[in-house]
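Shown next, in structure tokens, is the structure this report addresses.
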Amino acid sequence: MSNKQDKLSTDAYKGVRDFFPADMAIEKKIFGIWREVCERYGYEEYGASVLEPAELYRAKSGEEIVNEQTYTFTDRGDREVTLRPEMTPTVARMVAARKRELVFPLRWYSIPNLFRYEQPQRGRVREHWQLNVDIFGVESSAAEIEVINMAYDITRAYGLKDADFEIRLNNRKLMNYLTKDVFGLDDTAAQRASKLIDKKNKISAEAFELGISELFKDKPDSAKKFLTLLNSKNFTEFASNLPQTIEEHLGLVELKRVIKGLEALGITNVRFDQTLMRGFDYYTGTVFEVFDTNPANRRSVFGGGRYDDLLALFGNEKVPAFGFGAGDVVARDLIETYDTLPKDNSSADIAIIIVGDQNTPYSLDLAQTLREKGMRVLVDISNKRVGDQISNANKRGIPKIVCIGDEEVKTGKMKMKTLATGEEIAVTEDSICA
RNA sequence: GUGGCUAUGGUGUAAUGGUUAGCACUCGGCUCUGUGAAAGCCGCAGUAUGGGUUCGAAUCCCAUUAGUCACCCCA
């Protein structure tokens with residue numbers, strides 16, 4: 001009817017995914033894990049539009065990120081609109097808006113789709129779905145302990161065993177104090193230091209050392225001390241290299257409390273990691289990530305942190321907040337590798353095969369009766385041969401069938417067949433059940 | 001955004017620059033109008049798109065698009 005170039009492409013838009021039923025089944029499984037864990041901890045679900053005023057992100061992230069990494073456009077009313085690239089500003093906005101009437105501590109979660117305008121590649125798409133978990137109004141480390149405990153439960157639900165992953169912890173207060181107050185770097189140098197530290201595991205030890213000594217041009221001694229700290233293998237070693245004066249520093253105290261608190265809950269695969277930074281500027285205290293230690297993967301599964309100052313942007317006084325985001329892309333990958341996929345994918349519990357069109361009304365009626373009993377019933381209205389209908393039910397993974405022909409309609413007696421075994425049992429309308 | 005690699009029916013693949021682009025699976029039909037999974041037969045369907053080189057291009061070149069990898073960025 002038309003030649004090739006006139007036809008529309010069946011491809012999805014660059015960097016976004018179609019979810020065919022088989023894909024959607026996995027997605028539903030992931031969302032199910034997320035919801036179950038959140039609700040088990042008494043968290044309430046909230047939602048918001050994907051559209052946000054662009055200023056929301058400008059305030060925090062700066063022009064460059066808004067212009068280059070978000071979907072931002074001007075609407076018909078000359079407003080600048082952004083497709084939300086993350087949920088935290090939205091939830092901060094919502095909490096700030098109702099601060100006076102909400103009951104704190106607030107435990108909220110959401111599963112939004114987020115957009116970013118970036119070069120897609122494996123594991124990085126332009127639209128993804130992310131669980132966001134946040135607790136507002138808890139200043140103490142109890143917030144960290146509860147939320148990280150949830151992160152642990154989710155990771156376990158993906159199918160990972162304790163040996164497959166570790167929870168890496170750091171504290172921004174501590175690192176800020178070290179770079180600025182102890183080692184005397186100015187704001188720009190401290191910023192560069194944290195970017196460099198973030199990359200430590202990606203670049204060679206030589207390149208890293210070179211970068212650090214450049215930051216401490218005139219003070220090679222400080223550079224050496226700083227490097228020793230950054231190269232410490234565990235918390236004890238790190239602590240022993242710290243100057244005595246900061247023993248009582250709040251960041252350090254918080255770290256200890258969190259580690260201890262998690263240990264008390266039986267979560268022992270927690271590791272202090274002084275090189276963990278996490279990109280966000282708004283983090284103020286604890287930062288953490290769940291890291292897949294399987295040599296085949298070795299990647300960050302998800303992470304989060306404390307952002308006690310963010311709500312102040314909306315003119316309120318501070319509200320302490322701690323939360324994390326977990327994406328669906330890595331979750332899919334993990335669930336597939338650790339083989340925790342749902343096995344029963346069938347759309348229905350039973351298929352009704354109609355033998356002879358005159359028996360359709362009876363069949364539809366039977367289907368309604370069964371549905372009222374809670375069964376998922378598919379009526380084959382294809383008018384095909386019985387063999388084809390059964391074959392079709394089999395392909396769909398529907399476990400049971402019942403054929404409705406003249407005889408069944410007349411007597412009310414029918415046979416229900418289990419396709420996997422071929423076994424048939426005599427049933428009546430009342431005795432059929434899944 | 002920058003650079004590298006890749007692109008053949010729906011899927012997976014084959015084809016020294018030289019017949020009508022082959023095979024398997026899937027899908028549809030039939031053997032087979034009251035019972036599927038097997039077997040057989042028949043059929044649908046492809047060189048991503050647009051140019052170029054050549055007597056001749058799936059094959060070589062350029063661009064585009066998409067995927068992928070690295071950089072960038074990391075929510």
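Computed from a prediction, not measured in an experiment: that's the story for all the values here. Below, chain A is the first sequence line, B the second, and so on; all start at residue 1.
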F104(A)/F136(A) aromatic ring centres below 6.0 Å: no

Pick one: which of D23(A), D11(A), D328(A) meets salt bridge (Lys or Arg N to Asp or Glu O under 4.0 Å) with R17(A)? D328(A)

Separation between the C1' atoms of U6(B) and U47(B), rounded to whole Å: 15 Å

Using atom CD of E118(A) as one end and atom P of G1(B) as the other, report the distance to the nearest whole Å. 11 Å

For nucleotides A7(B) and G46(B), find the distance between their C1' atoms and express it as a whole number of Å. 13 Å

Do the charged groups of E80(A) and R58(A) touch, with an N to O distance under 4.0 Å? yes

Derivation and outcome, side-chain contact (heavy atoms from CB on, under 4.5 Å), residues Y158(A) and Y338(A): CA-CA 7 Å; Y158(A) 287 166; Y338(A) 289 93; over 6 Å; no

What interatomic distance, in whole Å, is found between C1' of G12(B) and the corresponding atom of U53(B)? 33 Å

Over how many whole Å does the gap from F302(A) atom CZ to C74(B) atom C1' extend? 17 Å

Could you list all the salt bridge (charged side-chain N to carboxylate O under 4.0 Å, His left out) pairs where at least one residue sits in residues 359-369 of chain A, not counting sequence neighbours? none

Reading 5' to 3' through nucleotides 26-36 of chain B, protein heavy-atom contacts under 4.0 Å coded B for base, S for sugar-phosphate only, - for none: -SSS-SSSBBB

Have a look at K318(A) and tell me which of D309(A), T284(A), D308(A) forms a side-chain hydrogen bond (donor to acceptor under 3.5 Å, both in side chains) with it. D309(A)

Secondary-structure string, 5' to 3', Watson-Crick or G-U under 3.5 Å, | for another-strand partners, for RNA chain B: (((((((..((((....[...)))).(((((.......)))))....(((((..]....))))))))))))....

Check side chain to side chain donor-acceptor pair (under 3.5 Å) between T155(A) and all other residues, then give those that pass, not counting sequence neighbours. none

A58(B) to U19(B) separation - C1' atoms, rounded to the nearest Å: 15 Å

Would you list the protein and nucleotides 4-11 of chain B atom pairs, both N or O, that sit under 3.5 Å from each other?
none

With no hydrogens and no angle check, do the side chains of Q358(A) and D406(A) hold a donor and an acceptor under 3.5 Å apart? yes

Length of the OH-P vector between Y282(A) and C74(B), whole Å: 12 Å

Please name the pair of heavy atoms, one in L310(A) and one in A92(A), separated by the smallest distance, quoted to 0.1 Å. CD2-CB, 4.0 Å

Interatomic distance at C1', U59(B) relative to A45(B), whole Å: 22 Å

Using a heavy-atom cut-off of under 4.0 Å over every strand shown, decide if G15(A) touches base, sugar-phosphate, or nothing. sugar-phosphate

Name all residues meeting the side chain to side chain donor-acceptor pair (under 3.5 Å) criterion together with E424(A); count only those two or more places apart in sequence or in a different chain, and write none if there are none. none

Roughly how far apart, to the nearest Å, are A48(B) and U65(B) at atom C1'? 8 Å

Provide the full list of salt bridge (charged side-chain N to carboxylate O under 4.0 Å, His left out) pairs with a residue in residues 34-52 of chain A, sequence neighbours left out, each pair given once. R35(A)-E45(A), E36(A)-R40(A), R40(A)-D153(A), E52(A)-R93(A)

Row check, Y117(A) ring normal vs R126(A) NZ/CZ: under 6.0 Å, within 45°: yes

Interatomic distance, D11(A) CG vs A48(B) C1' [rounded to whole Å]: 9 Å

Within this structure, what is the CG-to-C1' distance between D18(A) and G67(B), rounded to whole angstrom? 15 Å

In whole Å, what is the span from the CD1 atom of I203(A) to the P atom of C73(B)? 12 Å

Kindly say if K14(A) contacts the phosphate of G67(B), meaning a side-chain N or O under 4.0 Å from OP1 or OP2. yes

Residues in side chain to side chain donor-acceptor pair (under 3.5 Å) with Y43(A), at least two apart? E146(A)

If the condition is side chain to side chain donor-acceptor pair (under 3.5 Å), which residues does R116(A) pass it with, not counting sequence neighbours? none

Please name the pair of heavy atoms, one in D162(A) and one in N269(A), separated by the smallest distance, quoted to 0.1 Å. O-ND2, 3.2 Å

Sequence neighbours excluded, the answer for salt bridge (charged side-chain N to carboxylate O under 4.0 Å, His left out) partners of E27(A) is R332(A)

Could I get a table of every N or O pair under 3.5 Å where one atom is in the protein and the other is in nucleotides 38-40 of chain B?
none

Filtered N/O pairs between nucleotides 68-71 of chain B and protein, under 3.5 Å:
residue : atom : partner : partner atom : Å
C69(B)  : OP1  : R122(A) : NE           : 3.0
C69(B)  : OP2  : R122(A) : N            : 2.4
A70(B)  : OP2  : Q121(A) : OE1          : 3.3

For L215(A) and A189(A) the tightest heavy-atom approach is CD2-O, 3.9 Å

Name the residue closer to the 5' end of RNA chain B, choosing between L114(A) and V16(A) according to the nucleotide with the nearest heavy atom. V16(A)

Rounded distance in Å between the P positions of C41(B) and U49(B): 33 Å

What integer number of Å spans the C1' atoms of G43(B) and C5(B)? 38 Å

